[in-house]
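A quick write-up on the structure given underneath.
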Protein chains: 2
Amino acid sequence: MDKLEELKDAFVETAGQMATSLGLSRVVGQLYGLLFVSKEPFSLDEMAEKLKISKGNVSVNIRELERWGAAKKIWTKGSRKDFYEAESDITKVVMNKLVFGLKRRMDMIAASIEKIEKELSVHEQNKETSFFKERLNVIKEIPQTAEGLLNIIQRFAEKK
Amino acid sequence: MDKLEELKDAFVETAGQMATSLGLSRVVGQLYGLLFVSKEPFSLDEMAEKLKISKGNVSVNIRELERWGAAKKIWTKGSRKDFYEAESDITKVVMNKLVFGLKRRMDMIAASIEKIEKELSVHEQNKETSFFKERLNVIKEIPQTAEGLLNIIQRFAEKK
DNA sequence: TAATATGTTCAGAACTTTTTGAACGATATG
DNA sequence: CATATCGTTCAAAAAGTTCTGAACATATTA
């Protein structure tokens, strides 16, 4: 195999690992990597062929990338195929996706804790409940802290 | 069932979700939650009973918590059982674990990319390789950016 | 309109992760 | 020393996740 192709493959694999490290799907990372190092856009079939995965798999994951704004469809004269290319300013897109997702989860957790706290306050008060309340107050700080951090990260990403 | 027990169960479940959101194991989160809202330490069997999971499962996961410094074994007079209680200053511990893990992965990725870059530089130079190089330079920023962010987070956590 | 070339869907297969529980070793008790 | 009570281990089961590919829908071409 061509040495250049080998290096591209290695890059695609690294992109897959990177995605995994960020809690995203491996195939999504590989697809993005593939498009990112190619000047030419690729069709579904080409992507499936290059990554040795099924067309169905590509179809689902490429649309995921499109949904995030990380890949875009290219219309090509004289072909019925959908071609895709990488949106090169990916960092912001992925960052936002991650930050937004984490924020949402933190909000859900904060809501759960508040609900418990509220129900606890209408419960009979005794030593056990007051210990529980104390603990809840400690734990409540986590989503708050996380929220603060996520804001910092977001500002950091926007500055870029 | 006792209302207070119900609320504690809800809390334990929330702790499990929180762990999941941070990329940790659900059971580890549940175990920590269980210990965290209990004044009394628990034995293996008690934890298994409360969470309705096997003793083997508890054994493995409680040691994980212990390894992180998030739970500690309590010696109790007149009992052969191991009792555990929550280390209450968990935030820093978990934060460090997460940050450290992410840093390690980013380092690995940075190394992969550098390796590719190096091999590319000894390859014949043409239009295609220079495009590839350009792209590599863009992607190289990601682990660098992440590293910077992780440092910010770490400082943030230490301030707490 | 029929045939062809696409992208999409989703049931089941393949793979991965988590959990169980029986077997085991270690330690305490009688 | 025999028995009972622990915690640990790990093979196999269960549950969860990802992938495939055949069936299908839609659009294009002849």
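Naming convention: chains lettered A, B, ... in sequence-line order (proteins, then strands); numbering from 1 in each chain.
In this structure K72(A) satisfies the side chain to side chain donor-acceptor pair (under 3.5 Å) test with no other residue, sequence neighbours excluded. Residues meeting the side chain to side chain donor-acceptor pair (under 3.5 Å) test with R63(A), sequence neighbours left out: S59(A). In this structure E128(A) satisfies the salt bridge (Lys or Arg N to Asp or Glu O under 4.0 Å) test together with K8(B), sequence neighbours excluded. With sequence neighbours excluded, the residues satisfying salt bridge (Lys or Arg N to Asp or Glu O under 4.0 Å) with R26(B) are E13(B). The salt bridge (Lys or Arg N to Asp or Glu O under 4.0 Å) check on K81(B) picks up nothing, with sequence neighbours excluded. Partners of E49(B) by salt bridge (Lys or Arg N to Asp or Glu O under 4.0 Å), not counting sequence neighbours, listed by chain and number: K52(B).
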Pairs of donor and acceptor atoms involving the side chains of residues 34-45 of chain B, under 3.5 Å and at least two apart or interchain, shall be tabulated with distances.
| unit_1 | atom_1 | unit_2 | atom_2 | d |
| --- | --- | --- | --- | --- |
| S38(B) | OG | E40(B) | N | 3.2 |
| S38(B) | OG | E40(B) | O | 2.5 |
| S43(B) | OG | E46(B) | N | 3.2 |
| S43(B) | OG | E46(B) | OE1 | 3.3 |

Which donor-acceptor pairs under 3.5 Å do side chains of residues 93-103 of chain B form with protein atoms, sequence neighbours excluded?
| unit_1 | atom_1 | unit_2 | atom_2 | d |
| --- | --- | --- | --- | --- |
| K103(B) | NZ | N151(B) | OD1 | 3.1 |
| K103(B) | NZ | Q154(B) | OE1 | 3.1 |

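Listed in residue order, the members of residues 14-37 of chain B having a heavy atom less than 4.0 Å from DNA chain D come to none.
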Measure all distances between protein nitrogen or oxygen atoms and nitrogen or oxygen atoms of nucleotides 12-15 of chain D, and list the pairs falling under 3.5 Å.
none

What does the list of N/O pairs under 3.5 Å between the protein and nucleotides 5-9 of chain D look like, with a distance for each?
| unit_1 | atom_1 | unit_2 | atom_2 | d |
| --- | --- | --- | --- | --- |
| dT5(D) | O4' | R80(B) | NH1 | 3.4 |
| dT5(D) | O4' | R80(B) | NH2 | 3.2 |
| dT5(D) | O2 | R80(B) | NH1 | 3.1 |
| dG7(D) | OP1 | D82(B) | N | 3.0 |
| dG7(D) | N7 | K55(B) | NZ | 3.0 |
| dT8(D) | OP2 | S59(B) | OG | 2.7 |
| dT9(D) | OP2 | R63(B) | NH1 | 2.9 |
| dT9(D) | OP2 | R63(B) | NH2 | 3.1 |

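The outermost nucleotides of DNA chain C lying under 4.0 Å from heavy atoms of chain B, listed 5' to 3', are dT19(C) to dA28(C).
One N or O on the side chain of S130(B) and one on the backbone of K127(B) form a donor-acceptor pair closer than 3.5 Å.
With contacts defined as side-chain heavy-atom distances shorter than 4.5 Å, the pair Y84(B)/M47(B) qualifies.
Using a cut-off of 4.0 Å between Lys/Arg side-chain N and Asp/Glu carboxylate O, E119(A) and K3(B) are scored as salt-bridged.
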